[in-house]
Every structure is written in C-alpha cells, then in structure tokens.
2 protein chains.
Amino acid sequence: MGGPEVKRRPGGRSARVRAAVLDATFALLRSRGLEGLKIAEVAERAGVHETSIYRRWGNRENLLLDALLEVTEGLRVPDTGDLREDLTAYARDLAAFLATPLGHALEHALAAAGDDPDAQRARDRYWDTRSARSRQIVTRAIERGDLPDTVDPRLVIEMLVSPVHFRVVLTREPVDPDMPARIVDTLLGGIARG
Amino acid sequence: MGGPEVKRRPGGRSARVRAAVLDATFALLRSRGLEGLKIAEVAERAGVHETSIYRRWGNRENLLLDALLEVTEGLRVPDTGDLREDLTAYARDLAAFLATPLGHALEHALAAAGDDPDAQRARDRYWDTRSARSRQIVTRAIERGDLPDTVDPRLVIEMLVSPVHFRVVLTREPVDPDMPARIVDTLLGGIARG
DNA sequence: ACTCTAACGCAAGCGGACTTGCTTTTCGCG
DNA sequence: CGCGAAAAGCAAGTCCGCTTGCGTTAGAGT
C-alpha cells in the first residue's frame with residue numbers, strides 16, 4: 001500500500017513525502033475528525049501538492065486506510081499461558097481500541113473501502129497484522145494441549161472478535177465492558193449444557 | 001426513516017414519490033451497482049426532482065439504506081422446533097443474502113452511514129426487524145428447555161451472525177458454505193472439551 | 001368548495017474529491 | 001558528472017453530492 005512498495009528507484013523524496021502526508025493526516029484526523037478531513041488540507045499541512053497525494057494513494061479512502069493501519073501495527077498479543085486470560089485480554093484491548101475515535105475511523109474506512117487492489121491490500125494487511133497474530137493465542141493453546149486439535153483457530157478468533165466489531169460498525173452501541181469475558185466463556189463452555 | 005414518518009398531512013403525493021424513487025433506486029442499483037448509482041439518475045428515472053430526494057432523505061447514504069432495508073423486511077425466521085436446524089438455516093440464509101450484490105451493498109451502506117438520527121434509525125430498523133426476530137430462535141429453545149435459561153439470547157445470536165458479517169465487510173472473502181454449520185456446532189458444544 | 005400548508009418543481013451555485021496534460025526537480029546509475 | 005526516469009509541482013477543469021431560495025401544486029380539514 002501507499003504507492004508501489006516504497007520504491008527506492010530514481011527520484012526518491014518518496015519517503016519524506018509519505019511521512020509528511022501521513023503525519024498531517026493523523027493531525028487533521030484528530031482535530032477535524034473523519035468527515036471533516038479534506039485532502040486539500042492534508043496537502044497544505046504536509047507541504048505537498050494535492051496531486052502528489054492522489055497519484056500515490058489514488059483516493060481518500062486508501063490514504064485514510066494507510067494512515068489508520070499504521071496505528072494497528074504495534075499491537076501486542078497477550079501470552080500468559082492461560083487461554084481464557086489471553087482471549088479475554090485480547091478482546092478487551094480490541095474493544096477498547098475500537099471505542100476510540102481512531103478505532104471508529106478505522107472500522108469506517110475499512111468497511112467503506114472499495115474493491116480495488118490497494119484497498120484489498122489494506123484489508124489483507126489489517127487482517128494479517130492484527131488478527132492472524134491473534135490466532136496464535138489459540139494455536140498455542142492447542143500445542144499446550146489445553147484445546148483439542150479439532151478446533152479451527154481461525155474460526156475461534158473470528159467468533160471471539162467479530163461480535164465486538166459487529167456492535168461497533170453495525171448496531172453502533174457502546175461495547176459492554178464485560179462483553180469480552182462473556183464471549184470467551186460462551187466460546188469455551190458452549191451453550192448446550194449448563 | 002424516509003422522511004417524517006409517512007406524514008399524511010396536507011400535500012400527500014409523498015407515497016407516490018417515495019415508491020417511485022425507491023423503485024428507481026433498486027433498478028439502478030442492479031444495473032449500475034452501488035458506486036455507479038447517481039442520485040441525479042435516480043431522480044430522472046423516478047420522474048422526480050433531485051431536490052425532492054434530498055429533502056426527504058437528506059443524503060445518498062440514507063436513501064440507499066432506506067431502499068436496501070426494504071429487502072430485509074420480508075425475512076422469515078425458521079421455526080422447526082430444532083435449535084441446531086433453526087440456527088444453521090438462519091445463518092445459511094444470511095450468508096446467502098450477504099453474498100448477493102444487494103447484500104454487499106447493504107453492508108457497505110450500513111457501515112458507511114453516519115451518526116445522524118436518520119442513519120441511526122436505519123440501523124435500529126435493520127437490527128430490530130432482522131436480528132431481533134432471529135433472537136426468537138434462541139428464546140424458543142430456552143422456553144422448550146433445550147437451552148439453559150442462563151444463556152443470553154442476544155449474545156448467542158450475535159456470536160452466530162457476526163462472523164458471517166465479519167467476513168463480508170472486513171476480510172471480504174467468500175463465505176464458506178459450511179461455515180454456518182461449523183459456527184453453530186462450536187457455539188453449542190464449546191471448544192474447551194473435545 | 002375554499003383554504004392553508006407541506007411537499008414538490010426548478011434554477012443556480014458551492015464544495016470537495018478526483019483527473020489530466022504539462023513542466024520541473026530529484027537522485028540512482030553508468 | 002551527467003543522463004534518464006520516476007516523482008513532485010502546478011493549473012485548470014470535470015463530476016457529483018448537496019444546498020438555497022424561490023415559485024407552484026396538491027390535497028387534508030373545515
């Protein structure tokens with residue numbers, strides 16, 4: 001994303017521009033909010049021409065996505081050795097982030113993004129760097145023998161994480177603080193018995 | 001939504017206009033797709049002035065939402081008396097609908113919609129008419145004694161439904177045909193034991 | 001049948017996302 | 001060092017969502 005893979009070919013003030021634009025995007029995202037952010041302002045604040053932004057990112061959505069995803073990169077995955085604890089912590093962190101204005105913005109941008117290659121790349125990046133690593137929580141539990149190896153790590157994580165996303169993007173209710181724990185319990189114990 | 005509650009006050013070609021616009025929106029949604037749909041075209045095809053649309057629906061998103069939600073209204077909730085069967089059928093139907101262009105459009109519009117009263121109303125309508133009824137599947141199971149009354153119907157339904165939405169709006173992968181059944185099994189049996 | 005007003009028709013225009021054609025700058029590489 | 005190409009600067013313009021300030025019309029209530 002963000003233009004052709006940090007092309008270091010001829011003419012390379014690329015990096016400088018990219019950083020400046022992304023910084024400006026963040027700053028304006030904070031002050032103006034998602035809807036109030038105009039790429040003309042971003043360009044001015046970044047000391048860059050509007051056209052440069054469009055040529056690199058293609059459209060507003062992709063820029064937003066690129067900027068927002070940068071936040072996600074540094075997410076740490078809990079690893080205490082206890083499945084319930086790890087899952088709960090992870091879901092709680094996610095819920096907390098999504099409750100943030102930036103979190104809302106990310107969800108919004110992600111859902112609104114189109115189907116062009118750049119957007120798809122952004123989605124993959126999001127999923128890969130955030131949720132795929134979270135899958136390790138389940139994988140490790142299986143390796144420890146805490147979980148039967150018949151469970152599908154991906155399905156488990158999706159069932160854990162998606163209800164939180166669901167409330168944020170769909171019903172748009174505040175996420176109940178103990179929701180993560182309840183989801184984990186339901187997931188672990190099942191509902192068929194007591 | 002869709003203007004002030006079907007106001008039947010003085011001057012009431014309201015209904016006619018509303019129907020015409022919604023019809024036109026559908027038609028163009030099918031031919032042009034979500035992105036290609038321009039409200040100017042809708043107005044022309046509906047034999048209505050653009051301003052009329054904006055005054056009634058406020059913006060493009062709300063119109064889309066209103067039109068799309070109409071499709072959802074007629075959803076039937078399975079009631080065979082068997083929980084697993086009902087849940088699976090429901091999830092399968094949902095997945096099938098979301099795989100549709102119209103389904104994609106709905107998700108898109110729903111996620112992209114703002115926070116104004118109209119949009120919130122649309123979200124509520126969506127959730128109320130579609131998912132709240134689906135909660136009855138769980139409620140009935142509890143009443144039959146098939147499920148302990150300690151389970152939270154809403155949470156169960158969300159855990160069932162949201163992974164499907166999740167893939168559609170977030171990772172945007174095709175939904176595996178047997179995914180619903182696997183979700184239901186996981187939900188019923190839990191993952192902690194075999 | 002008359003009135004009164006919300007809803008529609010219409011023209012004009014604004015803002016901001018995106019495009020295009022062209023020039024100028026930067027910097028990797030020979 | 002200097003050449004060649006990708007990237008940035010710049011100007012002008014298009015398109016479409018959305019707004020505004022009117023005048024016009026339909027139809028519910030009396």
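Every chain is numbered from 1, with letters handed out A, B, ... down the list of sequences. Heavy atoms only: backbone and side chains are in, while hydrogens, waters and symmetry mates are out.
- Taking atom CD of residue Glu50(B) and atom C1' of nucleotide dT19(D), one finds them 11 Å apart after rounding to whole Å.
- Glu44(A) places its CD atom 16 Å from the P atom of dG15(C), with the value rounded to the nearest Å.
- A straight line from CG of Leu64(A) to P of dG16(C) spans 16 Å, rounded to a whole angstrom.
- Atom pair Ile39(B):CD1 and dG17(D):P shows a separation of 5 Å (rounding to whole Å applied).
- OP1 or OP2 of dG9(C) has at least one side-chain nitrogen or oxygen of Ser52(B) nearer than 4.0 Å.
- The base of dG21(D) sits with one of its N or O atoms less than 3.5 Å from a complementary donor or acceptor on the side chain of Arg55(B).
- Separating the CG atom in Leu63(B) from the OG1 atom in Thr25(B) is a distance of 4.0 Å, to the nearest 0.5 Å.
- Between dA17(C), dC10(C), dT20(C), one nucleotide has an atom nearer to the side chain of Arg60(A) than all others, and that is dA17(C).
- Asp176(A) and Arg167(A) are not joined by a salt bridge, as no carboxylate oxygen comes within less than 4.0 angstrom of a charged side-chain nitrogen.
- When each of dA8(D), dA17(C), dC10(C) is scored by its nearest atom to the side-chain atoms of Tyr54(A), the top-ranked nucleotide is dA17(C).
- Taking CG from Leu65(A) and NE2 from His108(A), the interatomic distance works out to 11.5 Å, rounded to the nearest 0.5 Å.
- Atom CD1 in Ile53(B) sits roughly 14 Å away from atom C1' in dC10(C) (whole-Å rounding).
- Comparing dA17(C), dC8(C), dG17(D) by their nearest atom to the side chain of Arg56(B) picks out dC8(C).
- His49(A) has no side-chain polar atom (N or O) that falls below the 4.0 Å cut-off from OP1 or OP2 of dA8(D).
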Legend entry - Check against salt bridge (charged side-chain N to carboxylate O under 4.0 Å, His left out), Asp185(A) and Arg84(A): CA-CA 8 Å; Asp185(A) 287 341; Arg84(A) 166 176 266 116; 2.5 Å; yes
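- dC15(D) atom C1' lies 15 Å from atom CG of Asn59(A), rounded to whole Å.
- Rounding to the nearest 0.5 Å gives a distance of 5.5 Å between CG of Leu22(A) and CH2 of Trp57(A).
- Checked against dC8(C), dC10(D), dA8(D), the side chain of Ser14(B) finds its nearest nucleotide in dC8(C).
- Separating the CZ atom of Arg18(A) from the C1' atom of dA6(D) is a distance of 17 Å, rounded to the nearest angstrom.
- Note on Arg16(A): every side-chain N or O is 4.0 Å or more away from OP1 and OP2 of dT26(C).
- Within the nucleic acid shown, Leu37(A) comes within 4.0 Å of sugar-phosphate atoms alone, with no base atom in reach, counting heavy atoms only.
- If you measure from atom CD of Glu41(A) to atom P of dC18(C), you get 15 Å, rounded to the nearest angstrom.
- Remark on DNA chain C: of its neighbouring residues Glu35(A) and Gly47(B), the 5'-side contact belongs to Gly47(B), judged by nearest-heavy-atom nucleotide.
- Nucleotides of DNA chain D nearest to Thr51(A) and Glu61(B) differ in position, and the one nearer the 5' end is that of Thr51(A).
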